[in-house]
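Notes for the one structure printed next.
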Amino acid sequence: MQNIPSFSYLHTCSLDSLPRENEATFLALLGQALKEGARPLAYFALPKMADETGQSLLAVLAQDGQRRLLALRSIPLTSVASLTPSFPALHLFERALNEEGMELRGHPWCKPVRVAPDLRSPGSPPFPFFRTTGSQVHEVAVGPVHAGIIEPGHFRFQCAGEEVIHLEIALGYQHRGLEALVLKKPLETLPMLFECTAGDTSIGHALAHALIIERLQNRSLSARVSETRALALELERLANHVGDLGAIAGDTGFLPTSAWNGRIRGDILTMTAILTGNRFGRNLVVPGTVRRSPDAKTCSDLEERRKTALRDARGAIDCMMKSPSVLERMRETGKVSAGMAKKLGLVGVCARASGIPVDARKNAPFEDETLPFAPALAETGDVLGRVQVRIREVETSFAMVEKSLTILSALEREPVPPRPPLRPLPKNTLAVSQVEGFRGEIVHVAVTNAENAFLTYRVIDPSFHNWMGLAVALRGNQISDFPLCNKSFNLSYCGHDL
Amino acid sequence: MFGILKERLHQKYRTLDYPAKEPFLPPHFKGRPSIAPCSAGDCRVCQEVCPTGAVSRDAGGHILLDLGRCIFCGLCEESCPEHAIAFSRTYRLAARTREELIVRQGEENRTEPSRNTTKGRALFSKSLTFRQVSAGGCAACEADTNVLNTLLYDLGRFGISFAASPRHADGLVVTGPVTTAMQRALVDTYLALPAPRLLVALGTCAISRGLFADSPECLGIPDDMKIDLYIPGCPPNPWTILDGFLSLQQSPVRN
């Protein structure tokens, strides 16, 4: 991949250093990088400049082993050939490109991404739902309003008898125009906006944003700040994983763990609240620092709570995993093969459950260091696999929380640095951040313009990649398997819709 | 079987005897703020740092803090040179009118907004069923509503539940700034509730669109849908939500 500009994941890249390739070269290089194992992090079009006839494309890829990023840029284009037929992992990026006005030639599945079916005005062509046809095929549609307290989305189960042939998912109902708002709001407000990107990943998205600003401004962090952030991120993972395991137990009909884990999740959220004042960790992470960091007394209180939560979580999870009926319900349900997971570019728990070792904590740690854990993997790719990965990660995260608390108690004398004044952003620069949230890798990509402001800001929540995984997982299953599969993926609607 | 029973004994009985006992709130919890008189003059710091424009001044120059727009980030409290703004630990924030969400400078620090305590038949005192619609909510308000069904809160003991069908509900709980794509589904769901129907705006986004007020994609709850209960917060604490729901059971319904 000598022909493609690369840079360390900790650094930024000057936009002017990226050659502007013509369409053929751009696609050839992109295809070559993907073929050689690079993972697409983002693929989008830069806003059209006044003197340009089209939009230039920008692709960012990760070479996980080397901890390097690749960036490719095209000349302004109005139309581009689709690479989805050879590299399905790009399918949603290309659909989003199309939605933003780029013509995609040869895309097999070029449907809207964030323009929900309900936005069709009367008289306009019908929403291009994928349909399975056949005299014995029937379709069950649900949503956007679902039966529980849950975000909106539209699902169409296409079935022959009991068997689901395909699950068609149409999202966009949660589209709040977040990426456009980022360009409108003052930099000081952005941490709060990103905390609302996906409420259950407040820490993850706030961290991804803070890293973007810190990388653009070349700031280094004190040990206390880094450790407080690591603590908050693992607490977020713990609360969600424990909650998800309980929800999965509930959907297998195993109520003890369902009830206990709901409460234990609350106990972990209380730890986050003790840390920040808010159960979701709002108002903690800001560029350059954290707004709060625990003193030694708080650390020892948190450590006591950690021990209790660990004991309770282990006990509750053990009961579930010793129940043959729970295990049997999860086994072979909602299966995604390793090949399919790789093809679709799945990330996070869903990828690791199929044996794909992607974990941004390993591939892109906050500082260039070797972390003492290997990504938790399962081989089966079914609900059970996703449960096993979560259980292992719960153990790792409890250990990481303990380590962070020990370090923070020892750092008691080190003050929390005040919020640094925001310097202007550098001109014409590309910055990328990767954070392993509880669902998977969160990617933020920012490009600045010649006026020291954001030209564009892109947010790629792990759900963006993984919704297609859920659709594929349901193939060959029954509609009654959906709640269980859905919980085992636990994807974000607003993280996808932005 | 015995393993489960043994574990059940370990996990104990955890439901809080609420409202007889007060819940645990974390040390830095931000509840209802109070605004002491300040020598303000030309100082506008609290207004300038507010990310949602929740802080303003009335004609007399007194500071007003609109809890319906506040996301409880605490920047006004931190930046005030005279420490005039202070967030208390009062978690009872729900109000029956939009006006009651405005905190005025120098006003007596009320422990909670006044409740409609008119004697009358409390229609929903024994049973209150909601339907919930998320319309652009970030899932935090939704999560802290869902959590009311867990053991600590045990919503069901108050006779309050969430129904799958709007036909079975007395009230609709709305979260989120109401995206353009969700407006129709929201109105359809609301109209599917049998009248008299209650409407609860849960969270700052539902009340005022919060941080999304300047997005063309977010429309807010339509004006002709009359809101019966406002529960402010980003997201509101579960106890704030529960207290708000209980307040609906204590007073007659207007419409």
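Per chain, numbering begins at 1; letters A, B, ... match sequence-line order.
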Closest non-hydrogen contact found for B:Ala181 with A:Ala116 is CB-CB, 3.7 Å
Residues A:Cys319 and B:Gly3: closest non-hydrogen pair is SG-O, 4.2 Å
Candidate polar pairs, chain A side and chain B side, donor-acceptor under 3.5 Å:
unit_1	atom_1	unit_2	atom_2	d
A:His146	O	B:Arg131	NH1	2.9
A:His146	O	B:Arg131	NH2	2.3
A:Gly148	O	B:Arg131	NH2	3.4
A:Ile149	O	B:Asn146	ND2	3.0
A:Tyr173	O	B:Thr179	OG1	2.6
A:Gln174	OE1	B:Gly136	N	2.5
A:Gln174	NE2	B:Gly137	O	2.9
A:Arg176	O	B:Ser215	OG	2.7
A:Lys184	NZ	B:Asp214	O	2.6
A:Lys185	NZ	B:Leu211	O	2.7
A:Lys185	NZ	B:Asp214	OD1	3.2
A:Gly199	N	B:Cys138	O	2.6
A:Arg263	NH1	B:Gln11	OE1	3.0
A:Arg279	NE	B:Asp144	OD1	3.1
A:Arg279	NE	B:Asp144	OD2	3.2
A:Arg279	NH2	B:Asp144	OD1	2.7
A:Arg282	NH1	B:Cys234	O	3.2
A:Asn283	ND2	B:Phe72	O	3.3
A:Arg291	NE	B:Glu78	OE2	3.4
A:Arg291	NH1	B:Cys73	O	3.2
A:Arg291	NH2	B:Cys73	O	2.6
A:Arg291	NH2	B:Glu78	OE2	2.7
A:Arg292	NH1	B:His28	ND1	3.2
A:Arg311	NH1	B:Glu7	OE2	3.3
A:Arg311	NH2	B:Glu7	OE1	3.1
A:Asp312	O	B:Gln11	NE2	3.0
A:Asp312	OD1	B:His10	NE2	2.7

The interface call for A:Ala180 against chain B, heavy-atom contacts under 4.5 Å, is neither
Chain B shares the most heavy-atom pairs under 4.5 Å, among A:Gly246, A:Pro117, A:Ala273, with A:Ala273
Correct closest heavy-atom pair for B:Ala140 and A:Phe280 would be O-CZ, 3.8 Å
Residue from B:Ala143, B:Pro235, B:Pro177 scoring the most non-hydrogen pairs under 4.5 Å with chain A is B:Pro235
Turns out that what part of B:Cys218 lies under 4.5 Å from chain A's heavy atoms comes down to side chain
If you tally heavy-atom pairs under 4.5 Å between each of B:Cys73, B:Ala139, B:Gly210 and chain A, the highest tally belongs to B:Cys73
Bottom line for B:Leu75: the part with an atom under 4.5 Å from chain A's heavy atoms is both
Beyond-backbone contact of B:Pro51 with A:Pro186, side-chain heavy atoms, under 4.5 angstrom: no
Hits for ring-ring contact (aromatic ring centres under 6.0 Å, His included) against B:Phe29, two or more places apart or cross-chain, chain-then-number order -> none
Per-residue tally against chain A (heavy atom, under 4.5 Å) across B:Val147, B:Val49, B:Ile4 peaks at B:Ile4
Chain B shares the most heavy-atom pairs under 4.5 Å, among A:Ala198, A:Gly172, A:Ala259, with A:Ala259
One option among A:Cys196, A:Ala147, A:Cys494, A:Gly495 has the most heavy-atom pairs under 4.5 Å with chain B, and it is A:Ala147
So, the part of A:Leu181 with a heavy atom under 4.5 Å from chain B: the answer is side chain
With sequence neighbours left out, the residues meeting ring-ring contact (aromatic ring centres under 6.0 Å, His included) with A:Phe127 are A:Phe129
Given A:Val145, A:Leu269, A:Leu178, the one with more heavy-atom pairs under 4.5 angstrom with chain B than any other is A:Val145
With sequence neighbours left out, the residues meeting side chain to side chain contact (heavy atoms under 4.5 Å, CB included) with A:Ala232 are A:Ile203, A:Leu275, A:Leu284
Note: vs chain A, highest number of non-hydrogen pairs under 4.5 angstrom among B:Ala185, B:Pro27, B:Gly137 is B:Gly137
When the 4.5 angstrom heavy-atom criterion is applied to A:Ile150 and chain B, the contacting part is backbone
The reported gap from CG in A:Leu193 to SG in B:Cys138 (rounded to nearest 0.5 angstrom) is 10.5 Å
From the list B:Phe212, B:Phe24, B:Phe130, the residue making the most non-hydrogen contacts under 4.5 Å with chain A is B:Phe212
Under 4.5 Å to a heavy atom of chain A? For B:Cys234 that would be both
